[in-house]
Amino acid sequence: MKDKFYSTILQSEALSKYLLETSAYPREHEQLKELRNATVDKYQYWSLMNVPADEGQFISMLLKIMNAKKTMEVGVFTGYSLLSTALALPDDGKIIAIDPDREAFETGLPFIQKANMAHKIQFIQSDAIKVMNDFLDKGEEGTIDFAFVDADKENYLKYHEQLLKLVRVGGVIGYDNTLWSGTVVASEDDEMLDYLKGCRGHILKLNSFLATDSRIELAHLSIGDGLTLCRRLK
């Protein structure tokens with residue numbers, strides 16, 4: 001068994017290894033594999049900030065089913081989910097990728113370029129709310145097919161309100177880490193790493209809010225560290 005609170009919701013190490021090695025890694029794009037390994041080499045433990053390969057493949061398939069063409073990614077890190085998205089979009093597809101950390105993005109950029117996907121990506125080094133407001137001011141309401149949020153958990157609810165304007169009716173918003181290493185069912189007295197304890201309340205608040213939000217259709221999935229999909233209804 002894994003440690004009590006782990007970065008993937010699967011608590012069996014053997015089962016996680018089986019899933020990745022049997023199904024995910026054999027179908028992983030070569031540049032995704034190279035990006036994943038480069039991230040581990042540079043960031044070690046914090047490489048867990050990227051989505052795992054199986055979640056990347058799920059997002060890729062979802063985008064293809066949706067026939068998505070224009071997406072937004074809030075929180076990029078080294079770009080594993082970003083490259084997964086770019087590979088799934090048509091050649092004239094576009095991703096608005098927002099992150100204040102350019103250095104991490106540039107760690108993955110050579111692999112994005114090697115995969116011939118850089119032309120689909122508009123990277124904006126900025127606070128995400130500012131970018132969303134700018135897009136709304138420019139008349140971009142309802143123009144995004146899919147948005148993926150893997151960023152500062154304390155602002156997820158703020159992002160939700162803006163993304164419900166930017167994403168088209170029928171479009172989807174995905175929130176990552178919504179089971180937060182399993183700590184959503186922990187007690188206040190349970191021992192956990194400081195970063196888990198610090199954001200746990202924000203995730204609980206988000207989950208409770210989304211469960212009663214009549215503007216969306218909701219699917220809360222136990223993949224990766226928890227992925228919540230919100231389909232805009234109105």
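Donor-acceptor pairing under 3.5 Å is lacking for the side chains of N155 and H202. When only modelled atom types and interatomic distance are considered, T178 and N207 share no side-chain donor-acceptor pair under 3.5 Å.
L48 and I203 end up in the same hydrophobic cluster when Ile, Leu, Val, Met, Phe, Trp and Tyr side chains are linked at under 4.5 Å. When hydrophobic clusters are built by joining Ile, Leu, Val, Met, Phe, Trp and Tyr residues whose side-chain heavy atoms come closer than 4.5 Å, directly or via intermediates, I129 is not grouped with V76. Residue V172 is grouped with residue L221 when hydrophobic side chains (ILVMFWY) are merged at heavy-atom distances under 4.5 angstrom, including chains of intermediate members. No continuous path of hydrophobic side-chain contacts links F146 to Y159 [ILVMFWY only; heavy atoms under 4.5 Å]. Note: the hydrophobic cluster containing L229 does not contain M61 (ILVMFWY, side chain heavy atoms under 4.5 Å, direct or indirect links).
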>> With side chain to side chain contact (heavy atoms under 4.5 Å, CB included) as the criterion, how do L210 and H220 come out once you've worked through the C-alpha distance, each side chain's angles and the decisive distance to 0.1 Å?
In response: CA-CA 10 Å; L210 294 179; H220 197 171; over 6 Å; no
>> Let's go through Y25 and R36 carefully: what are the C-alpha distance in whole Å and the side-chain angles of both, what is the deciding distance for side chain to side chain contact (heavy atoms under 4.5 Å, CB included) to 0.1 Å, and is it a yes or a no?
In response: CA-CA 11 Å; Y25 290 160; R36 174 168 56 83; 3.4 Å; yes
>> Let's go through L204 and V184 carefully: what are the C-alpha distance in whole Å and the side-chain angles of both, what is the deciding distance for side chain to side chain contact (heavy atoms under 4.5 Å, CB included) to 0.1 Å, and is it a yes or a no?
In response: CA-CA 6 Å; L204 289 169; V184 289; 3.9 Å; yes
>> Could you walk me through whether L227 and V51 satisfy the side chain to side chain contact (heavy atoms under 4.5 Å, CB included) test, starting with their C-alpha distance in whole Å, then the side-chain angles of each, then the deciding distance to 0.1 Å, before giving a yes or no?
In response: CA-CA 10 Å; L227 174 64; V51 301; over 6 Å; no
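Residues forming a side-chain contact (heavy atoms from CB on, under 4.5 Å) with N116 (at least two apart in sequence, or on another chain): none. The ring-ring contact (aromatic ring centres under 6.0 Å, His included) search around F135 returns none, not counting sequence neighbours. In terms of the ring-ring contact (aromatic ring centres under 6.0 Å, His included) criterion, residue partners of Y156 (sequence neighbours excluded) are, by chain and number, Y175. Residues passing the ring-ring contact (aromatic ring centres under 6.0 Å, His included) test with Y43 are F77, sequence neighbours excluded. With sequence neighbours left out, F123 forms a ring-ring contact (aromatic ring centres under 6.0 Å, His included) with F105.
Here the OG1 atom belonging to T78 is positioned 4.5 Å from the CG atom belonging to L35, to the nearest 0.5 angstrom. Separating the CZ atom in F148 from the CG atom in L163 is a distance of 12.5 Å, to the nearest 0.5 Å. Considering CG of D225 and CD1 of I223, their distance stands at 11.5 Å, rounded to 0.5 Å. Interatomic distance, CZ of R27 versus NZ of K33, reported as 13.0 Å (0.5 Å rounding). Taking NZ of K69 as the start and OG1 of T143 as the end, the distance is 12.5 Å to the nearest 0.5 Å. Separation of atoms CD (E34) and CD (Q31) is listed at 5.0 Å; rounding is to 0.5 Å.
Looking only at side-chain heavy atoms (C-beta outward), S126 and V131 come within less than 4.5 Å of each other. Residues T228 and L206 have side chains not in contact (no heavy-atom distance under 4.5 Å, counting atoms from C-beta outward). Between E103 and K42, some side-chain heavy-atom pair lies under the 4.5 Å cut-off. R215 has its side chain within reach of H160: a pair of non-hydrogen atoms, C-beta onward, lies under 4.5 Å apart. L19 has its side chain out of reach of L15: every pair of non-hydrogen atoms, C-beta onward, lies at least 4.5 Å apart.
Shown here for A97 and I121, the closest heavy-atom pair between the two residues is CB-CG2, 4.2 Å. In terms of heavy atoms, A147 sits closest to V167 at CB-CG2, 4.0 Å. Contact detail for E28 and A53: the closest heavy-atom pair is OE2-CB, 4.0 Å. Listed here is the closest heavy atom pair of K120 and A86: NZ-O, 2.7 Å. Of all the heavy atoms in P52 and Y80, the pair that sits closest is O-CE2, 4.2 Å. Between L136 and L166 the shortest heavy-atom distance is CD2-CD2, 3.6 Å.
Only one option out of K234, R231, R232 pairs with E217 in a salt bridge (Lys or Arg N to Asp or Glu O under 4.0 Å); it is R231. Residue T85 is tested with L82, L89, L87 for a side chain to side chain contact (heavy atoms under 4.5 Å, CB included); the sole match is L89. For the salt bridge (Lys or Arg N to Asp or Glu O under 4.0 Å) test with E140, the passing option among R168, K94, K70 is K70; the others fail.
A donor-acceptor pair under 3.5 Å is formed between the side chain of K153 and the backbone N or O of A151. In this structure a side-chain-to-backbone donor-acceptor pair under 3.5 Å is present from T212 to F209. The backbone N or O of P100 sits less than 3.5 Å from a side-chain atom of Q125, completing a donor-acceptor pair. The backbone N or O of Q44 sits less than 3.5 Å from a side-chain atom of S47, completing a donor-acceptor pair.
A salt bridge does not link K205 with E154: none of the charged nitrogens is closer than 4.0 Å to a carboxylate oxygen. Ion pairing between D134 and K130 holds under the 4.0 Å rule for side-chain N and carboxylate O.
Residue pairs satisfying the side chain to side chain donor-acceptor pair (under 3.5 Å) criterion with at least one member in residues 51-64, sequence neighbours excluded, are absent.
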